[in-house]
Amino acid sequence: MKDKYPFAEIEPKWQAFWRDNGFFATDTSKVANKYYCLMMFPYPSAALHVGHGRNYIIGDAVARYKKMHGLSVLTPMGWDAFGLPAENAAIKTGKHPRTTTLNNIATMKEQLATWGVCYDWDREVTACQPDYYKWTQWLFLQTYKRNLAYRARGQVNWCPSCKTVLANEQVVEGKCERCDAEVDKRSMEQWFLRITDYAQRLLDDLSKLGGWPERVKTMQTNWIGRSEGTRVDFQLVPKQGEAAGGKAVVSCFTTRVDTIFGCTYMVLAPECPQLADMVKGLPQEKDVLAYARDAAAKPALDRTSDTREKTGVFTGRYVINPFNNQKVPLWVADYVLMEYGTGAVMAVPAHDTRDWAFAKRYGLEIRISIQNAEKNLVLSGMENAYVEDGTTVDSGEFSGMPNRQAIPKMTEYAACQGFGAAMVHYRLRDWLISRQRYWGAPIPIIYCKDCGVVPVPEKDLPVLLPDNVEFKPTGESPLARCEEFMNVKCPKCGKPARRESDTMDTFVDSSWYFLRYLSPHDTTQALNSETCNNWMPVDQYIGGVEHAILHLMYARFFTKMLFDMGLVKFDEPFAHLFTQGMICKRSEIDGQLYKMSKRKGNVVNPEALIRDYGADTVRLYTLFIGPPEKDAEWNDQGIEGAVRFLRRLWRRVYDNRDVLMSVGGVKCDLAAMGEKERGLYRKLHETIGRVTHDMEGDFHFNSAIAEIMELMNALDECGVSADSGIQQKAVYREVLETGIALLSPFAPHICEELWQEFGHKTSILKASWPKADQAALVRSSVEVVIQINGKVRDRMTVDVGLASKDLEKLAMAREAVSKHVEGKTVRKVIVVADKLVNIAVS
RNA sequence: GCCCGGGUGGCGGAACGGCAGACGCAAGGGACUUAAAAUCCCUCGACUGUAAGGUCAUGAGGGUUCGAUUCCCUCCCCGGGCACCA
């Protein structure tokens, strides 16, 4: 048994050992040396494949590594268990979403165990269980109390296939992120959370997140989309026959107020609510309203395609540019968006490409107000808008300024004159959380004829999701047809009332789960402030980059709300974020590289691999496959390399068992070592340094593993036998034993087994992480490279610490050097101590 | 269009401004074996030489430097985010 690596035997044994001895159970009442290591909790969709596995394996390696540093590591796990896929499956198969979800959870839990991935399972949270969603509902009530939740009618994204509204974040290129159907706009009454109140803080506090990848912060910055500009109010010229002196204005938002003297018309979005009033009774009325109706009805995808020709119509009205009191025509056009700025745009065709295209098409005036550096910009020579910087011209008292400087001056002027102001616009919209679906937490609101909107009293929580519901989607929430759910007494007046029938977006569930892990069984409150303050923020958060915007923004938002409510004392939840890359595989169908999916036929199941190679091999290969933050290509043959390495490791211990045991108590002694074992011993300590460095940096497991492999190659080269000297034997043993400790976060089962084989009575998790011995790193001689003009021509072994002059002398004396220097002039000699000599000749 | 990444052998990938290709996979050759598996040894960027060696090579072109995969500039390609955003 011992000559073959018996992974199938040892792996379940150690998994049970870790579990039964509570190695991953963490006492959060103790605060010292806390390390909160969190993996994004998964949606329990179905069985995990090796692509999913990467996330958990990385997290487990980090947790084990940190444990060996003596930290009190918290690694909980839970389930993002509400959501559409289970419901969609239910519609297809007729099975209740609760059944499928709970089954999937059981399957996945088992899978995680077979990987040797360990969690503090006592803290498991499941978003679809009442003991969790009770508190999700409670949190909703808190937002409502603080006026951060509101109900409004608005144009919302509607997926005709999923038959529900979607958050802006769930619409990708005009399509539903789930089913790819084109998303419509619908006017509906919905619940929103006021995330826009936090836009500036969400933006500013990104600078606190030094442990986050730059790209994630950039994505959030883009998403928040702050733009600074100026609001300018244009007076609406009264209709013919209408009394003059009306105060009606049309406000526009611009980031380029410096160009305003070049404004030759103004444009409204087709959805502009004042439009109908403005054109009432005009000859253009019919055409304008017809145009606006058509334009607004176009699918979002059509509307935002930038290759499409812009269209528009003149409204028949005029507005006055307050900067020069010029009357300019007012148009309505489809290229102006109601959701951005004020829904009205001052058009400066000379300096904006969109306005240029529109003005050219409809023959509108173009007027230059920014001159280029060469001062040769003329209308007749322009083929497109001039959008670069320059000097303001024909701009009244603002003429002759560098245009960037004109912006604050002109904004200030507008403010003083009372027709404008500096204005900051955010792209971020409020978060629409209503879903017309069944499988989610009911929104705890009651509608009463007399009292209006009444929040469910906290004592009545949870509002239980009823089981007996026809959940086929119709556009109305399935709950609306469940009379025993809907009919309720008004908590205020006691008269019959109706419940809100929508459920909450599942992203609400996942916006606070990391706090619940800290007091998962508390039936009296959502979170324990003291424990949260002690254990938060999460020290290391690990998950997929696909959550860079949605989940990570919402979780930050929730944390900030809780901070404002005084429930917690931190306002950012995740100190360090690690986003791992996806594992892809070439599809057997078309040979292209795709992320693993059933449809592409490129899913690799872990079960067969664990059966054939063992979990440690799967873990090792998964970590070795490439830098963990980058996407990687799964190679079925690559796993062979991993298992070969573990087999060799196994054999080194058992083949040399007697020799190794014979030096059980013998200390490695540098002074007593021969050259061979001293080299190996140095290699060991170099490896400790490098592996530690790779782990402390960006979790470069691939390099760390490569270094351990190198160490084992060096071990082979040194070799050992019964006849070897005592120090050689001792060093051999030390390298194996320490190498096993270094490898244990990645391949824990085999390392635990071999560790015990070396006579240790406690788990390798209790062993401390190896430290590099500085004395071992000292060398007496080094190899120095000799370059001629930067090219390596020779190398020599010299004593360490040789003076530059001596090194140079030695180098010049070399035959290979004289050959290259002969007949040439030595211009310069660069000496880097203990490293190289570079001779520049010409 | 704007903002992030990235481009290194047949492949995945290593390289504090200092020996490019560590480590692994694949491939080829050999040993062991009745055979296979497993294991072990050797070769393995391109071109050129019998060889020692030489030349060229990190997307392309410039620059800084004694020396550049690494720093700077310009450009090309790939991936990602945002986008008729005023």
Side-chain angles (χ1 to χ4, degrees), chain A residues 3-4 172-173 213-227 229-230 252-257 259 267 269 303-310 333-337 339-348 351-355 357-358 387 425-427 545-546 548-549 581 620-621 624-627 629-642 644-645 647-648 651 690 693 700 702-713 716 783-795 816 819 826-832 835-842:
Chain A
D3 55 342
K4 260 204 155 174
V172 179
E173 282 173 14
E214 216 48 51
R215 73 176 159 153
V216 173
K217 290 193 274 185
T218 310
M219 281 161 79
Q220 293 211 354
T221 304
N222 285 344
W223 189 260
I224 295 168
R226 182 182 205 270
S227 75
T230 313
C252 66
F253 172 74
T254 178
T255 54
R256 291 294 307 274
V257 70
T259 64
V267 199
R303 183 85 183 275
T304 51
S305 154
D306 47 6
T307 50
R308 223 191 85 258
E309 282 246 46
K310 306 169 194 343
D334 56 4
Y335 75 97
V336 174
L337 306 174
E339 327 62 279
Y340 195 83
T342 58
V345 169
M346 68 169 210
V348 186
H351 304 297
D352 181 283
T353 50
R354 294 153 302 179
D355 298 343
F358 192 78
V387 296
H425 185 270
Y426 300 94
R427 209 193 68 100
V545 75
E546 65 273 18
I549 296 174
L620 195 68
Y621 176 62
F624 187 62
I625 196 166
E629 73 279 8
K630 281 208 223 152
D631 288 354
E633 184 185 338
W634 185 270
N635 177 350
D636 286 329
Q637 285 152 335
I639 201 146
E640 290 283 352
R644 279 204 278 261
F645 174 71
R647 278 191 209 128
R648 274 168 72 195
R651 279 200 315 270
R690 289 204 194 118
H693 178 264
H700 281 157
N702 57 327
S703 300
I705 292 166
E707 282 142 12
I708 299 170
M709 287 174 168
E710 265 187 80
L711 177 66
M712 292 302 146
N713 290 345
D716 276 1
E783 191 179 60
V784 167
V785 167
I786 304 172
Q787 300 179 324
I788 312 286
N789 287 343
K791 274 187 186 146
V792 178
R793 296 299 181 184
D794 199 6
R795 49 195 77 215
K819 204 172 85 189
V826 174
R827 296 273 169 223
K828 201 171 183 181
V829 179
I830 306 287
V831 180
V832 181
K835 215 173 223 171
L836 69 91
V837 179
N838 188 9
I839 303 162
V841 298
S842 62

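Letters A, B, ... are given to chains in the order of the sequence lines, protein chains preceding strands, and every chain is numbered from 1.
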Q: Figure out the CD1/P separation between A:Ile549 and B:G81, and round it to whole Å.
A: 8 Å
Q: Quickly work out the A:Asp352 CG to B:C85 C1' distance and round it to whole Å.
A: 11 Å
Q.
Does B:G67 have OP1 or OP2 under 4.0 Å away from a side-chain N or O of A:Arg827?
A. no
Q: Just compare B:A22, B:A26, B:G81 and give me whichever is closest to any side-chain atom of A:Gln637.
A: B:A26
**Q.** All ring pair (Phe, Tyr, Trp, His ring centres under 6.0 Å) counterparts of A:Tyr426, not counting sequence neighbours
**A.** none
Q. How close do A:Ala344 and A:Cys252 get, heavy atom to heavy atom, and via which atoms?
A. O-CB, 3.3 Å
Q.
My understanding is that only residues two or more places apart in sequence, or in another chain, count here; which of them pass side chain to side chain contact (heavy atoms under 4.5 Å, CB included) with A:Ala632?
A. A:Arg54, A:Ile625
Q: Round to the nearest Å and state the distance from A:Met712 atom CE to B:U39 atom P.
A: 17 Å
Q: Could you go through the side-chain contact (heavy atoms from CB on, under 4.5 Å) check for A:Ile830 and A:Lys828 one step at a time?
A: CA-CA 7 Å; A:Ile830 306 287; A:Lys828 201 171 183 181; 4.0 Å; yes
Q) Looking across every strand, which nucleic acid part, if any, lies under 4.0 Å from A:Arg354 by heavy atom: base, sugar-phosphate, or nothing? A) base
Q. Hey, does A:Asp355 reach any base, or is it just sugar-phosphate, or nothing, if we go heavy atoms under 4.0 Å?
A. nothing
Q: Could you check how far CZ of A:Phe645 sits from P of B:A38, rounded to whole Å?
A: 18 Å
Q. Mind checking the C1' distance from B:G13 to B:G29? Whole angstroms is fine.
A. 26 Å
Q) When the C1' atoms of B:A15 and B:U58 are considered, how many whole Å apart are they? A) 11 Å
Q.
Suppose you measure atom P in B:A27 against the same atom in B:A37; what distance do you get, rounded to whole Å?
A. 12 Å
Q. For A:Arg690, which residues count as a side chain to side chain contact (heavy atoms under 4.5 Å, CB included) partner, sequence neighbours excluded?
A. A:Lys683, A:Glu686, A:Glu707
Q) For RNA chain B, which consecutive runs of 3 or more Watson-Crick or G-U pairs (each distance under 3.5 Å) count as stems? A) B:1-7 with B:76-82, B:10-12 with B:23-25, B:27-31 with B:39-43, B:45-48 with B:53-56, B:59-63 with B:71-75
(Q) A side-chain contact here means heavy atoms from C-beta on lying under 4.5 Å apart; do A:Arg648 and A:Asp716 qualify? (A) yes
Q: Output all residues satisfying side chain to side chain contact (heavy atoms under 4.5 Å, CB included) with A:Val841, sequence neighbours left out; order by chain, then residue number.
A: A:Ile788, A:Asn789, A:Val821, A:Lys824, A:Val826, A:Ile839
**Q.** Chi class for B:G21: syn within 90° of 0, otherwise anti
**A.** anti
Q: Starting at atom NZ of A:Lys828, determine the distance to atom P of B:U65, rounded to an integer number of angstrom.
A: 9 Å
Q) What residues form a ring pair (Phe, Tyr, Trp, His ring centres under 6.0 Å) with A:His425, not counting sequence neighbours? A) A:Phe253, A:Tyr340
Q | Separation of the P atoms in B:C3 and B:G10, to the nearest angstrom | A | 35 Å
**Q.** Whole-Å P distance, B:G67 and B:A14
**A.** 28 Å
Q) OP1 or OP2 of B:U39 sitting under 4.0 Å from any side-chain N/O of A:Arg647? A) yes
Q | Any A:Arg644 side-chain nitrogen or oxygen under 4.0 Å from OP1 or OP2 of B:C25 | A | yes
Q.
Using the side-chain hydrogen bond (donor to acceptor under 3.5 Å, both in side chains) criterion, which residues pair with A:Glu640? Sequence neighbours excluded.
A. A:Tyr613
**Q.** Distance, P atom - from B:U43 to B:G21, rounded to whole angstrom
**A.** 15 Å
Check nucleotides 35-37 of chain B for protein N or O atoms closer than 3.5 Å to its own N or O atoms and list the pairs.
none

**Q.** Test ring pair (Phe, Tyr, Trp, His ring centres under 6.0 Å) applied to A:Tyr621 - qualifying residues, sequence neighbours left out
**A.** A:Trp634
Close N/O contacts between protein and nucleotides 55-61 of chain B (under 3.5 Å):
{"unit_1": "B:U55", "atom_1": "OP2", "unit_2": "A:Arg793", "atom_2": "NH1", "d": "3.2"}
{"unit_1": "B:C56", "atom_1": "OP2", "unit_2": "A:Lys791", "atom_2": "NZ", "d": "3.1"}

Q. On a whole-Å scale, what distance lies between the C1' atoms belonging to B:C66 and B:U48?
A. 29 Å
Q. Taking only residues two or more places apart in sequence or in another chain, which ones pass side chain to side chain contact (heavy atoms under 4.5 Å, CB included) with A:Lys791?
A. A:Arg793
**Q.** A:Lys4 NZ to B:A38 C1', straight-line distance once rounded to whole Å
**A.** 7 Å
Q) Please walk me through it: do A:Met712 and A:Met709 pass side-chain contact (heavy atoms from CB on, under 4.5 Å)? A) CA-CA 5 Å; A:Met712 292 302 146; A:Met709 287 174 168; 5.7 Å; no
**Q.** Separation of atom CD in A:Glu546 from atom P in B:G79, rounded to whole Å
**A.** 19 Å
Q.
Given B:C4, B:A22, B:C82, identify the nucleotide with an atom nearest to the side chain of A:Arg215.
A. B:C4
Q. With rounding to whole Å, what would you report as the distance between B:G62 and B:C11 at their P atoms?
A. 26 Å
Q) In whole angstrom, what separates A:Glu640's CD from B:C25's P? A) 9 Å
Q | Worked check of side-chain contact (heavy atoms from CB on, under 4.5 Å) between A:Asp794 and A:Gln787 | A | CA-CA 7 Å; A:Asp794 199 6; A:Gln787 300 179 324; over 6 Å; no
Q. Is it true that the NZ or CZ of A:Lys310 lies under 6.0 Å from the centre of A:Phe358's six-membered ring and within 45 degrees of the ring axis?
A. no
Q: Assign a letter to each nucleotide of nucleotides 7-20 of chain B from its 5' end: B, base within under 4.0 Å of a protein heavy atom; S, sugar-phosphate only; -, no contact.
A: -----BSS-B-BB-
Q.
On the nucleotide B:G24, are OP1 or OP2 found under 4.0 Å from the side-chain N or O atoms that A:Asn713 carries?
A. yes
